[in-house]
2 protein chains.
Amino acid sequence: MNVMNASPRRKELTRLAAQLFVQEGFDRTTVRMLAQEMGIKSGSLFHHFKDKQEILAAVIEEGTQNALVIARKALDECASGPEVRLRVMARAHLETLFTDRNAHVVALFEWRRLDPDASAHLSHLRDAYEALWVTVIDDALEAGLIHGDRFLVSRFVLGALNWTVRWYDPNGPRSPDDLADELVAMIMPPPA
Amino acid sequence: MNVMNASPRRKELTRLAAQLFVQEGFDRTTVRMLAQEMGIKSGSLFHHFKDKQEILAAVIEEGTQNALVIARKALDECASGPEVRLRVMARAHLETLFTDRNAHVVALFEWRRLDPDASAHLSHLRDAYEALWVTVIDDALEAGLIHGDRFLVSRFVLGALNWTVRWYDPNGPRSPDDLADELVAMIMPPPA
DNA sequence: AGAGTAACCAAGCAAGCGCTAGTGTAAATA
DNA sequence: TATTTACACTAGCGCTTGCTTGGTTACTCT
C-alpha cells in the first residue's frame, strides 16, 4: 500500500472516486466499480488506499482543504468593510461548492459514513472553515448590516448555501456569484 | 403480502424502519436489522412489504403526507396577512420536521434511493407541498415584506429550514417556533 | 548489471446480502 | 364445521461484498 498521501496518481483516483460517490452514494459504490472507473482491477485499488473508508476520507479531505484555501485567499485579497467581506465569503463558498462539487457533495451527504478516527481528524478542518464564517458574520452584525442571533444566522446562511447543491444548475443563466449576491441581499435591508 | 397499505401493523413497522434508516442509512440497513427491530424474523417482513424499496417509499410517503396536512391546516387556521402567513408556514415546516423527524430526514437524504416509479409518485406529493410555499412567498414579496427573486428566495428559505435537521437540538433552549421566527426576522427588514 | 520499488493482475475467501419457498397456527368468515 | 385470511416461522439459494494473497511487469537509481 502507498503510505504517502501525496502521490499524483492517488489524487487522480480520489477525483474519480468523488464522482462515483456522488453518482451512486458511498455505500452503493463497490470497490469493483471504483477500480473499473480508474482503469485498474479491484485488487490494485488497495495498493493506493488502505481500505474503502480511506478513499472516502481522502475525497472529503481534498474538498475541505480547498474550501479553506479559497476562503482565506478571498478574504485576504479584500480588506474592505464587513458588507463586502460578507459577499466575498458567500461567493467563495459557492465557488468551491461548484468547482469541487463532487468532493463537497460527498462531504455534505456522506460524512456520517466516516469512521470515528477520520471523522475526528476532518472535523478540525471543517471547524477551521466555519470559524472564518463566524468572524465574517460577527463583523456584519456589529456593523448593523444584518440582525439576529450570530449562531442562528450563520447556520441559516450556511444551510441556504449548502442546499444549493440540490437544485442549482451551473449551466443555467445564473452564475454562482449572482446566487451569492442574491442571498446577501435577501438578509440585508434594501439600500435606503 | 399485505396488499392494503393502511394496516396499523404496517404503520408501526414503517415508523421503526424510519428510525433505523436515519440511524444507519438506507443502504446499510439490512432486512435482518429491520426485522429484529420489529421483533420478527427477516422472512416475515415480506408479508408486509413487497421488498425493501417499498419500505423506503412507505416511510417517505408517511412523512410527506403529514407535512402537507399540517401546512394546509396551519394556513387555513390563519387567514391573516402575508407576514403572519410567512411566519406560520415556517413554523409549520419546523413542526413537522421535528415531530416526524425520522421520516423527514429519510425523505431529505435518501430520496435518491427510491426507484423511478416510487419517486415519480412521491414527487407529486412533494410538489404539492412546495406549491404552498411558493404562494406564501409570492404574497410576501408582493406586500413588499421581503425582496428578491421569488424562485431563489423560496429555495434559500427551504434550504435554511431543511438544514436545521443537521444541527438543531430539540432538547436545547430554543423551540422550533423560535427558530422559525428568527429566520423570518432575518429576511425581513427590522420593524421601523 | 543488479537492486529496489511502484503499480498492477488473476484468483478467490469468508461474510453478508435481498429475497423465496414451503409450512404452522390462531383468529375471522362462510 | 369447513375455509379462508393474516401473520409468523425455518431454511437456504444465488449472488455480491470488501478485502487478501501471491505473483508479475516496468521503471529508476546506483
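Side-chain atoms are counted along with the backbone in the values below, which use heavy atoms only and exclude waters and symmetry mates. Being a predicted model, the structure only gives us computed values, none of them experimental. Naming convention: chains lettered A, B, ... in sequence-line order (proteins, then strands); numbering from 1 in each chain.
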Inset, instruction - Answer yes when A:Asp169 and A:Arg174 have at least one side-chain N-carboxylate O distance shorter than 4.0 Å, and no when they do not. - result: no
Legend entry - Spacing of A:Met38 atom CE and A:Arg9 atom CZ [to the nearest 0.5 Å]: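 These two atoms lie 8.0 Å from each other.
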Inset, instruction - Name every residue in residues 31-42 of chain A that has at least one heavy atom under 4.0 Å from any atom of DNA chain D, in order of residue number, or write none if there are no such residues. - result: A:Val31, A:Arg32, A:Ser42
Inset, instruction - Please state whether the rings of B:Tyr168 and B:Phe98 are parallel, tilted or perpendicular, taking 30° and 60° as the class boundaries. - result: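 Answer is perpendicular, since the angle exceeds 60°.
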Inset, instruction - Please determine if a side-chain N or O atom of A:Ser44 lies less than 4.0 Å away from the OP1 or OP2 oxygen of C:dC9. - result: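 Indeed, a polar side-chain atom of A:Ser44 lies that close.
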Inset, instruction - Would you please confirm or rule out a distance under 4.0 Å between OP1 or OP2 of C:dC8 and any side-chain N or O of A:His47? - result: no
Inset, instruction - Might you point out which heavy atoms bring B:Ala17 and B:Ile55 nearest each other, and give the distance in Å? - result: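 Where B:Ala17 meets B:Ile55 most closely, the heavy atoms are CB-CG2, 3.5 Å.
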Legend entry - Single-linkage hydrophobic cluster A:Val134~A:Leu161, side-chain heavy atoms < 4.5 angstrom: no
Inset, instruction - Check the hydrophobic clustering (I, L, V, M, F, W, Y; side-chain heavy atoms under 4.5 Å; chains of links allowed) and say if A:Phe156 and A:Val165 are grouped together. - result: yes
Inset, instruction - Assign B:Thr30 to base, sugar-phosphate, or nothing according to its heavy-atom contacts below 4.0 angstrom with the strands shown. - result: sugar-phosphate
Legend entry - Gap between atoms CG and P, on B:Asp27 and C:dG16 respectively (whole Å): 18 Å
Legend entry - Options D:dA8, D:dG18, C:dC8, nucleotide nearest the side-chain atoms of B:His48: D:dA8
Legend entry - B:Phe46 side chain, from C-beta outward: closest of D:dC19, D:dA8, C:dG18: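 Of the options given, the side chain of B:Phe46 lies nearest C:dG18.
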